[in-house]
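None of the values given here were measured: they were computed from a predicted structure.
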Protein chains: 2
Amino acid sequence: MNNKNKIFIDKLRSSGLRPTNQRVDISRFLFNRKKTFHFTVEQLKNSMNLKRSKKISTATFYNTVHALKSAGYLKEFSLENNTSYYDTNITSHHHFFDNGKVIDIKSDKITFNKLPEAPKGKKIKNVEVVIRLENNN
Amino acid sequence: MNNKNKIFIDKLRSSGLRPTNQRVDISRFLFNRKKTFHFTVEQLKNSMNLKRSKKISTATFYNTVHALKSAGYLKEFSLENNTSYYDTNITSHHHFFDNGKVIDIKSDKITFNKLPEAPKGKKIKNVEVVIRLENNN
DNA sequence: CACTTAGTTTAGAATTATTATAAAGTAGTT
DNA sequence: AACTACTTTATAATAATTCTAAACTAAGTG
C-alpha cells in the first residue's frame, strides 16, 4: 500500500512537500482518477472532509494545492466569479464554459490558421481557448 | 454640453440606470477615449476619485460597472488573481496576458482551422483566446 | 413649479476567497 | 531516543465584492 501510494507521494516530494498523511490523502484524491478533475479549493475541502472524522484544515488544502500547482501537477484557471479553479489535466488543452461548468477540450480539437507574433522581447508561453456556451432556444 | 454627454447618458439609460452626476462621470471616464481601456473596479475608483473633491462611493462604481456590463457595454474577464477585469472593447477580440498586463489582439489576427462542435442542446456564444507571454531569455 | 415616489448614493457592515500567524505536532535525520 | 526543521491547525487578517438602511435626488404628475 506504500507502493500503491508511491505515485502520489512522489508528486508531493517533487513539489517540495513532505508526504504527511493529510497531503498524501489530498494527492490521492486528486490524482487517483481516470478522468480529468476540475475543482476549487473550497469544493475539494468539502468533498474530502465530508467523509472524514479527522478534518483537514483549510490552510493545508491551500498550501498543498499551491505547491502542486507550482510544481506543474495542477493547472489554474479563472472564471468570472473571482475564484481559482484547478484542473488535474495539465496537458495543453482548452475549455468549454457553460454556466460555471467546465468541460475539457482536447488540444487537437482546435487548430489555428493564423496566430499573432509575440511583442518584441516576449515569447508565447501558451495559448488557451475558451468557448462559452449557451442553450439552444 | 448636455449634448456632448448624450452618448454617455444614452449608455446609462439603455443599461437601465438613471443618469445621475456620478454615473455620467463614470460613463464619460470609461467611454470618452480613443483606445480600449482595461481596468478593475478598484483601479477605476482610485483613478477617478484621486482628482475629485467629492468622491464617488465604492458601491456606485460596482453598481454602474455591473449595469454597463450586463447591458453589453463592457466585457468582463478574469486573470489568475481573483479580480474581475473589464474591457471597454466589447467587439469580439482576444488577449495577450503578460504578467498581469493585458494587451488586446484584434479578432482578425487569429483564425481557426478547426473548432469543436458544441455539446447537444448547446451552441457557441463566443470563442476567446488568451495567449500568455513570457520574457525571451 | 411644488409634490411624490421610485430609484440612487453612501458609509459601513457582511460575505467570500484567500493568505498570514503562531502555537502545538510530526517526519526524518542523527 | 532526541533534535530540528517542516507541518498542521485554529484563528486572525486581508482583499474583492455585495448587502443594508438611511439620507438624497431624478423625473413624472398635477
For A/E134, give me all partners under salt bridge (charged side-chain N to carboxylate O under 4.0 Å, His left out), at least two apart in sequence or on another chain.
none
Starting at atom NZ of B/K45, determine the distance to atom C1' of D/dA16, rounded to an integer number of angstrom.
10 Å
With B/K75 via salt bridge (charged side-chain N to carboxylate O under 4.0 Å, His left out) - residues at least two apart:
none
Applying ring pair (Phe, Tyr, Trp, His ring centres under 6.0 Å), name anything that partners B/H93, two or more places apart in sequence or on another chain.
B/H95
Residues which pass ring pair (Phe, Tyr, Trp, His ring centres under 6.0 Å) with B/F112, listed by chain and number, not counting sequence neighbours:
A/F112
Return the set of residues passing salt bridge (charged side-chain N to carboxylate O under 4.0 Å, His left out) with A/R33 (not counting sequence neighbours), or none when no residue passes.
none
Between the main-chain N or O of A/T58 and the side-chain N or O of A/T60, is there a donor-acceptor pair closer than 3.5 Å?
no
What string of B, S and - do you get for nucleotides 9-20 of chain C, 5' to 3', if B is base contact, S is sugar-phosphate-only contact and - is no contact with any protein heavy atom under 4.0 Å?
SBB-----SBB-
What's the CG-C1' distance between B/L17 and D/dT25, to the nearest Å?
15 Å
Who are the ring pair (Phe, Tyr, Trp, His ring centres under 6.0 Å) partners of B/F61, not counting sequence neighbours?
none
Residue-level proximity of residues 25-32 of chain A to DNA chain D when a heavy atom falls under 4.0 Å:
none
For A/N21, what residues pass the side-chain hydrogen bond (donor to acceptor under 3.5 Å, both in side chains) criterion, not counting sequence neighbours?
none
